[in-house]
Every structure is written in C-alpha cells, then in structure tokens.
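Everything on this sheet refers to the single structure shown next.
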Amino acid sequence: METKELKEMTGFYGDFGGQFVPPHIKVAMDEIAASYEAAKLDPTFQEEYQSLLKDYSGRETPLYFAEKLTQQLGGAKIYLKREDLNHLGAHKLNNVLGQMLLAKRMGKTRIIAETGAGQHGVATAAAAARFGFECVVYMGAEDCERQKLNVFRMEMLGATVVSVTRGTQTLKDAVDAAFEDLMENLDDTFYVIGSAVGPHPYPLMVKDFQRVISQESKRQILAKEGRLPDMVIACVGGGSNAIGSFAEYLDDPEVQLVGAEAAGEGVDTPRHAATMTVGSIGVLDGMNTYGIFDEAGKVAPVYSISAGLDYPGVGPEHAYLKDSGRAEYVAITDEEAVQAFLTLSKAEGIIPAIESSHAVAEACKRVPRMAPDQVVIINISGRGDKDVEQIAKYLNIEI
Ligand SMILES: *Cc1c(COP(=O)(O)O)cnc(C)c1O
C-alpha cells in the first residue's frame, strides 16, 4: 500500500494525528471509524443531522456585517459568523449532535464525555437528554469547584458528573478517566470528545460536524459580497471551531486562514496555552501533535483566562496546516482578549465569548492594515454572558 493511503486511513495529517492508544481502544476506534464512514454516506443520517441542526440548535447562524466595528478600525470589511446564536450559546452542539447520532446508529445507550470548564459537558448533557441516553461527564475536581454552576446545570439536564480527584484534577485527568471508563464499558458506551482532538477518527469526524460553519459562511459571503473573503480568523483551543471555519476554504489559496491561540500572561512566561507558537511535538490524548511538554516530555500545565482555550495540545490537522504553511497561528494575551471583548461589545452590542475574543483581538491588529475593499470573517464561536463575572474580576470591578 502507498504510504499516503495508509496514512489517510489511520488518520494522519503529515506526521500528525494517528491512534496512540492501547490495542483494545484501537479496536473500538476502528469500529467508530468504519461506522462513521458508512453514516457519512447514508442520506438518512445526514438528513437527521441537518434537521437537528436546524430545529434543535436554530441554524443557520447569520453572517453579520459589523458595520460599526468596520468603521472604527478603518480597514477591511468585517463580517461575524454568529456561532454564539446556536442553542446553548456556542458551536459545540454542532459536533455533539453529530457524534450522538452516530452513537445511536451504533446501538450505544450510554454517553460519556470529558469537560474542562463545563461547556462541552453541558452541551453533551443537553443532547443526551434529547436522545434519551444515560450520560456521565468526567470533570476534574478543581474544575468542578471553579465551575459549580455548570456542574449543577449538567445535573439538572439529567447527567451524572464524576469529579476526578487524581493528578492536577483538571481537563487532562478528566480525559484519562473517560478513556478508562470507555475501556471497561466498550459494549454500550460512546465517548463524545469535545474538540477536533484525540485518536483517529475523532479529529476527522469533529471537523466534518463543524464544517457546517464554513459551508454556511461561504454561501453567505458569496451572496453578500459576490466573492470569497480575504481572511478567516478563528480562536484555537483544541481547534474544532477553527477547523470548521477553515474547512471549506482549505482549497482556496486566496483565502488567508488565521488561528488565534491563548498567550495567557505572555508566551515568555510559563502561564500560557500557546501550543503552536512555543510548544513542541509529542504524543498526548492519543495523537501526535504540538503540545506543551516539560523537559521530561510530560504534558505540562497550561493557563489562559479563557477556559475553552486552556488545553495543552491542539488538533493534528492544525499542526499540519501550520507546518505546511496553509494556515497561520498567532498567540493573543489575556489583556488583548479582554480589550477585544470590550471593543466588540461596545461597537456592535454583541458580547463575544472570551475564547472568541482572541480571534477578535487578532482581527483588530490586522484589519486596519488592510484595504477597504477587502473582507474578513471572524468566527464568533460563542457568546460571552458566561464570562462577564470573570471580566469584571480581571478589571478589578466589583459587581
Ligand atoms: C470550547 C470553546 C472553544 C475552544 O474549543 P475549540 O475546539 O478550539 O473550538 C472556543 N470557543 C468557545 C465559545 C468554546 O466554548
């Protein structure tokens, strides 16, 4: 077999990706890959997925011309892809609904998920309620304490939240606990992963389920401007909203693709999550990719003001797009993201998630240097209501 073919079948993007998991998990992953390939070609599956996106999540989301922000920055025309208007306030449900339909098709009855701040956990708990699945969400004990409201939200939606008390008691430990659960319950359980990360076929599957973002934005920008955008900017945690925003433009070299990751307190400090800007290549969460590793090669702690970008790795396709030069990745500090959060709120009356604010911040740097006949799309991955309290704290404002 040709090396290239072999690589595609096992989910490699160049040297990135793969399936770095124990043998019986690999068997389960191959089974998911085969089921997904069949589902992808099945019109009934696709119709049911489209109908859930429309009637449950409220798609399509608008592509909104941000006229005041455009005037204020004085450069390219800015459009916002409004993923914040999805049910539950973010892009995460696009992926959760797709994976849940696949679980149903595979005859599974029990759903598990990992969650950091609780955003993916809440989306999974909600969709599990809708599908009538038993749902268990693994969450680090530290995160449970920091995000009590989301723990309660998940419980209200009928899920069981398991507080993970090992290691750093955060996202990475929740992922490990979820894989252990999967190993013990392969027969009836499906693991819904929250981003374009993990072993094959997850990065591929999650990209397909988030692809709807660029399918819509491409159609919408062609209708509004009669041309493709010059640039698409999205924030990158694990990389699911970014890969979904980029997907339909990957073969349009005139469209510049820019990912904004979290520089936290600065990439010259230990407090950041800038995996591609300053990380190195290694294996984590079942994939080969860029990550933040310590000298012993172990996954190191990361930090960002934004819980959704606070992840020590990145989806393998982004690692590949970076090395191939097709996309460019930059790091945005907490301070820059908070300023962008305020800028967009005041200019348009749209409060972006602090994650999405990283993409807005990069746009604020680039747009003024562009020409008025150029067009930029910023993906607003989620709404910022959840972040208001933290922003006040950051600004030392008592509320
Ligand atoms: C979870 C989350 C992110 C980061 O995840 P990706 O997989 O990188 O998209 C970004 N924005 C919002 C609003 C989120 O909830």
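When reading the values below, keep in mind they use all heavy atoms of this one structure, side chains included, and skip hydrogens, waters and symmetry mates. Atoms within a ligand are numbered from 1 in the order they appear, just like the ligands themselves.
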Please check whether [X] reaches ligand 1 - meaning an N/O of the residue sits under 3.5 Å from an N/O of the ligand, judged on distance alone.
X	result
Gly238	yes
Ser356	no
Gly237	yes
Glu355	no
Gly239	yes

Looking at [Y], is its backbone amide N or carbonyl O close enough to the side chain of [X] to form a donor-acceptor pair, meaning the two atoms are under 3.5 Å apart?
X	Y	result
Thr289	Val314	yes
Thr269	Arg271	yes
His120	Val192	yes
Glu248	Gln215	no
Asn150	Gly121	no

**Item:** atom 7 (O) of ligand 1 - nearest protein heavy atom and its distance
**Value:** Ser195 OG, 2.5 Å
**Identity and separation of the nearest protein heavy atom to atom 5 (O) of ligand 1** =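 Going by distance alone, atom 5 (O) of ligand 1 is nearest to Gly308 O, 4.0 Å.
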Which ligand 1 atoms are under 4.0 Å away from a heavy-atom of [X]?
X	value
Cys235	10 (C)
Gly382	13 (C)
Ser240	6 (P), 7 (O), 8 (O), 9 (O)
Gln119	14 (C), 15 (O)
Ala353	13 (C)

**Heavy-atom proximity to atom 2 (C) of ligand 1, best of Lys386, His120, Lys92** = Lys92
**Message:** Quick check for you: to the nearest 0.5 Å, what is the distance between Ser356 atom OG and Ile350 atom CD1?
**Reply:** 11.0 Å
**Whether Phe209 and Phe45 hold their rings parallel, tilted or perpendicular, with breakpoints at 30° and 60°** = tilted
**Request:** Would you indicate whether Asp55, at its atom CG, is surrounded by more than 12 heavy atoms from other residues, nucleotides or ligands within a distance under 6.0 Å?
**Result:**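 Enclosed: over 12 neighbouring heavy atoms sit under 6.0 Å from CG of Asp55.
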**Prompt:** Heavy-atom contacts under 4.0 Å between Ser381 and ligand 1: side chain, backbone, both, or neither?
**Reply:**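 The part of Ser381 near ligand 1 is both the backbone and the side chain.
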**Message:** So which atom in Ala127 and which in Met100 form the shortest heavy-atom distance, rounded to 0.1 Å?
**Reply:** CB-CE, 3.7 Å
